[in-house]
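What follows is a short report on a single structure.
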There are 4 protein chains.
Amino acid sequence: MSVETRRMTREARLPAPTRAERQRARILDAAERCFIERGFHAASMAHIAATAGMSPGLIYRYFGAKNEIVRAIVERHLETDSCPAMQRLSTGEDFCGRMLQALERWRRRDDPSMNAALILELTAEAARDPEILQIVRAKDHAVSKDLTVAVQRAAEEQGVRLSREAASVRAMVLQCLFEGLACRVVRNPNLSATVLRPLLDKVIAALLS
Amino acid sequence: MSVETRRMTREARLPAPTRAERQRARILDAAERCFIERGFHAASMAHIAATAGMSPGLIYRYFGAKNEIVRAIVERHLETDSCPAMQRLSTGEDFCGRMLQALERWRRRDDPSMNAALILELTAEAARDPEILQIVRAKDHAVSKDLTVAVQRAAEEQGVRLSREAASVRAMVLQCLFEGLACRVVRNPNLSATVLRPLLDKVIAALLS
Amino acid sequence: MSVETRRMTREARLPAPTRAERQRARILDAAERCFIERGFHAASMAHIAATAGMSPGLIYRYFGAKNEIVRAIVERHLETDSCPAMQRLSTGEDFCGRMLQALERWRRRDDPSMNAALILELTAEAARDPEILQIVRAKDHAVSKDLTVAVQRAAEEQGVRLSREAASVRAMVLQCLFEGLACRVVRNPNLSATVLRPLLDKVIAALLS
Amino acid sequence: MSVETRRMTREARLPAPTRAERQRARILDAAERCFIERGFHAASMAHIAATAGMSPGLIYRYFGAKNEIVRAIVERHLETDSCPAMQRLSTGEDFCGRMLQALERWRRRDDPSMNAALILELTAEAARDPEILQIVRAKDHAVSKDLTVAVQRAAEEQGVRLSREAASVRAMVLQCLFEGLACRVVRNPNLSATVLRPLLDKVIAALLS
DNA sequence: AATGAATGAGGGTTCATTCAT
DNA sequence: TATGAATGAACCCTCATTCAT
C-alpha cells in the first residue's frame, strides 16, 4: 500500500482535526521538546510557549495547568512511542529486531517521539506522582497483556507451549531488556546494535524455549 | 574476614573523617532522602536543611550550590549503591541472586541507598546535564570493566572461554537487565522475585554459554 | 393608577430603546449579577460575557473598559435600587414599613436589584475611586433633598413644623438607619423585621417629633 | 494614671514582642494602609511589601498567603477598631458621644486604624467569603452581647427595665446607626457631628425609654 | 455586529542564595 | 561555625484588552 493511499484512507476515516486539536498538538509538540531538553520541572511554561511560538496565556486555553500537559505528554508518549514499540512485538515475531530498531532511534536522538530520556523521566516521575503512576501502570498493564500473547505465539511457532503465567514472566523480562536498553543508551556511548544483536537473539531464544 | 576485621582494617587505612567530611555526609544523607521523595528539582534547599537538622545557610559552607549537591549525590550513589550491586557481581558468581536481592530492596522502598526512582532520575538528568553525564559515564565504564571480568570468570567456571569483547557485550546485557528491573519496580506492582528467578537463571545461563 | 397604565404612559414617553441600549442593558444585568456574586474585582470580563450570553469582545463595543461598566452599574444601582427605596419614602409616609421591606428583600438575596453586598461594595469603592465617589455623592445629594421634603411633610402630618435644616438632619439619620440595616443583613443572621418593627417605629416617631 | 505609668504597667504585663511579632505587625500595618487605599483585591503583595519596606518573599515567612493577611486584618480591625468603639459603649453611658467620636475619626481619615472604607470593604467581603463572614459574625455576636448589657444598664439608670430581648433589639438599632454613620462618612461630605448630636441624643433616648 | 483566539502585563507565590548577627 | 531572616528573580497562572475573521 503506497503512502498516498494510506494517507487517503486515513483522511477518509479521521475527520480533519479542529483548530483546538491542532493547537493542543502544537503545544504538546513544544512541551515534549522542552521536557526532553530540561525535564518536567525545569521546563517552564514560558519556555514551552516560546517553543510553540505562542504566548504563555494561550496555553491555558487548551490546558488547565502545567500538570495537565505533563499528564498528556506521558499519555501520548506511552500511546505512540515506547509502548507501541513493545506492542508491535506482538504482531511480528522478531523481538530482537524491534528492540534494536528502538535502540537506533534512541541513539540518533533526532526523533523527539522516541526519546530515552523521556522514558526515564516519566518513569521517575511516576515513582512520585500518583496520577502519573496510574497512567503509566494502566498502559504498562495493557502492553504486558499483548506482549504475553505475543510471547505465547512466538513460542508456539517454535513448538513450545507456554502457560499464560509462564509467558507473562517472559514478557516481563522482555520489558526489562527494552527499558534497560533505554538506560544504556544514555549511559553508554559505545552501545552498538550490530554487536548486540547476536547475543540478544540468543537470550530471547532462551526465553522462548 | 569478619565484618569487624574489615571495619578495623578500613579504619586503619582511612583517616577518621574530619568534621567537614561529616557535615558533608550529613547533608548528602538528607539530600538523598529528599531527592528520592521529591526528585532533584522539587526538593528544596530548605527541605534538605530541615531534614539534615541544620540551617539552609550552613549548607553553603559545604556546597557552593544545589547543583553541587546533586552532583555529589550522583557520585555517591554510583559509588555505593547501584554500581556496587553490579560490581559485587564480579566477586561472586550468583548474578541472578544479586539482581533479585537488589529488586527486593527496591521494592521495599525503605532503603534510601537502594532506590529505583533515584537511579531513573539520575540517568534522566544525565541525559540533560553534561556534568552529570560525565560522572555517570565514567562510573559506568568502570563497572563495565569489572563486570566484564566477572563474566569471563563465571563463564570459565562453566568451561566456556569468552574473549574480552564477547564478555563485554554480555556485561552490557546484564546491566540492561539490572536497570530494566529498576524500571519494572516502578511500573509493575506485581513483580515478584520468586517468580522471576527461574527464568532469570535460564537467561543468564544462556548469556554465559 | 394601575401598573398597566403606568407602563403604557412610560412607553409613550420614552422612545423604544435602541438595539445598542438593549445590549448595554443586557451587559449591565449580567455585570450586576457577577458583581454581587464576586465583587467588582473578582468578577472577570469573561464571566460577565458568559453570563450575558455573548463574547468578551462584544462587550467592548458598548463599554470602553471594565471600569466603565462598574461606573454604569453604580449609576444604575443608585438610580433604580437603593436610592428609590429611600426616595419612595418621600411619596409615602410609612418610613418604617419601607425600610423593613428593603430589609426583607436584602435578606432573601434572590433579588439582584436589591442587594446589600452591592451597596457596601459600591460605597467602599467610592471611598477609593474619585469618579465613583462623584456619582455616589451626586445621587446621595438628590436623595437627601427628596427625603428632607418627605420628612417635612411627614412631620407636618403629625402637627410638627420642621425647618429645612432640621428636616435634613433627620433625613440623614434615616439614611444612616437604612444603610446600617444593609450592614446588619450581612453581619447578623438573626435579624428579623417583625422584631425590629415596633422599635423602629418608635425611633422614627421620635425623629419626627 | 499617667501615660508613663500605664506604659510601665503594660510592659510589666506584656512580654516584649518577638521579632516575628514585630514583623507581622509591620506587615499588617502596611497591608491595612494598602487595603484602605485600594481594597483587598486591588492591593497587591508587591505593593504591601513596598509599603512595609521589605521584599515580597519575606511576607511569606510570616503569612502563608494573601488570604491570611486579609483575615488577620479583618480580625485585628474588629478587635481594635470599630468593635471596641461599640464595646466601649458598654462601659460608659454616653452612646451618642462615642458614636460621634468615631465619626470624627472617620472623617479625619488620618487614622488608619479607624477607617470607614475598611469597615465597608470588610463587610462586603464577608458577604462573599465564608471565612471572613465567620470572623465578622463571631465578633459581631460578641459585641452584640456586650452592647445588650450596656443598653440594659443605661436604661436602668433612667429607671427603665428592659428584658434581654428588648435590650438586644435596641443594641441592634444602635449598631445600625453606628455602621450607617460609616456609610454616611463616605457618601456625604456635609456630615457634621455638632449638627447631628442633638438629634442623635433624642433618638437614643427614645431607644432607651 | 459578533466571535473567541490571542496577547502580555501583572498577579500570588516559591526558593536558591546571601549576609548580618 | 552556625543561624535564619532577607532578597529578588522566576515560577505558574489570570485576565483586561485587542484583533483577525
Side-chain angles (χ1 to χ4, degrees), chain A residues 18-20 22-23 26 41-50 52-70, chain B residues 19-20 22-23 40-50 52-70, chain C residues 19-20 22-23 38 40-50 52-70, chain D residues 18-20 22-23 26 38 41-50 52-70:
Chain A
T18 65
R19 173 177 194 82
R22 271 180 287 130
Q23 289 287 64
R26 196 171 140 212
H41 287 92
S44 74
M45 290 301 272
H47 189 174
I48 294 172
M54 59 176 65
S55 66
L58 187 53
I59 294 182
Y60 289 86
R61 180 172 287 275
Y62 302 99
F63 294 92
K66 192 186 175 186
N67 255 353
E68 285 184 24
I69 300 183
V70 172
Chain B
R19 170 174 186 76
R22 271 181 285 128
Q23 288 285 63
F40 292 147
H41 284 92
S44 73
M45 291 298 272
H47 191 171
I48 294 171
M54 61 175 64
S55 65
L58 189 53
I59 293 183
Y60 286 83
R61 186 168 289 277
Y62 301 99
F63 294 92
K66 193 186 175 185
N67 256 350
E68 287 184 22
I69 300 184
V70 173
Chain C
R19 171 174 185 78
R22 272 180 285 129
Q23 289 285 62
R38 320 206 165 181
F40 291 147
H41 284 92
S44 72
M45 290 297 272
H47 191 169
I48 294 172
M54 61 175 65
S55 66
L58 189 53
I59 293 183
Y60 285 84
R61 185 170 290 276
Y62 301 99
F63 294 92
K66 192 185 176 185
N67 255 350
E68 287 184 23
I69 300 183
V70 173
Chain D
T18 64
R19 173 176 193 82
R22 272 180 287 129
Q23 289 286 64
R26 198 170 138 215
R38 316 204 169 183
H41 286 92
S44 74
M45 292 299 274
H47 190 177
I48 295 172
M54 60 177 64
S55 66
L58 187 52
I59 293 183
Y60 288 85
R61 180 171 287 276
Y62 301 100
F63 294 91
K66 191 185 176 186
N67 254 353
E68 285 184 26
I69 301 184
V70 173

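Since the model is a prediction, treat every value here as computed from it, not as a measurement. Here is the naming used below: chain letters follow the sequence lines, and residue numbers restart at 1 for every chain.
Considering only side-chain N and O atoms, D/Ser55 lies under 4.0 angstrom from the phosphate OP1 or OP2 of F/dT7.
A distance of 4.5 Å separates CE in D/Met54 from CD in D/Gln23, rounded to the nearest 0.5 Å. Between the CD1 atom in C/Ile59 and the CD1 atom in C/Ile48 there is a gap of 6.0 Å [rounded to 0.5 Å]. Atom CZ of B/Phe63 is separated from atom CG of B/Leu58 by 11.0 Å, given to the nearest 0.5 angstrom. Between atom OH of residue D/Tyr62 and atom CZ of residue D/Arg19 there is a gap of 6.0 Å, rounded to the nearest 0.5 Å.
A heavy-atom distance below 4.0 Å to DNA chain F is reached by these residues of residues 58-69 of chain C, ordered by number: C/Tyr60, C/Ala65, C/Lys66.
When each of A/Met45 and D/Gly57 is assigned the nucleotide of DNA chain F with its nearest heavy atom, D/Gly57 is the one assigned upstream, toward the 5' end. Judged by closest nucleotide on DNA chain E, A/Met54 is the one of A/Met54 and D/His41 placed further toward the 5' end.
Contact between D/Ser55 and D/Ala49 at its shortest, heavy atoms only, is C-CB, 3.8 Å.
In terms of modelled atom types and a separation under 3.5 Å, the side chain of C/Arg38 and the main chain of C/Ser44 share no donor-acceptor contact.
At a threshold of 4.5 Å between non-hydrogen side-chain atoms, the residues A/His41 and B/Phe40 do not count as touching.
Protein atom CZ of B/Phe40 is 17 Å distant from nucleotide atom C1' of E/dA16, rounded to whole Å. If you take CD1 of C/Ile48 and P of F/dT17, they are 11 Å apart, rounded to a whole angstrom.
In DNA chain E, stems built from 3 or more consecutive Watson-Crick or G-U wobble pairs, each with both distances under 3.5 Å, span E:2-21 with F:2-21.
Note on B/Ala43: only backbone sugar-phosphate atoms sit closer than 4.0 angstrom, heavy atoms only; bases stay farther off.
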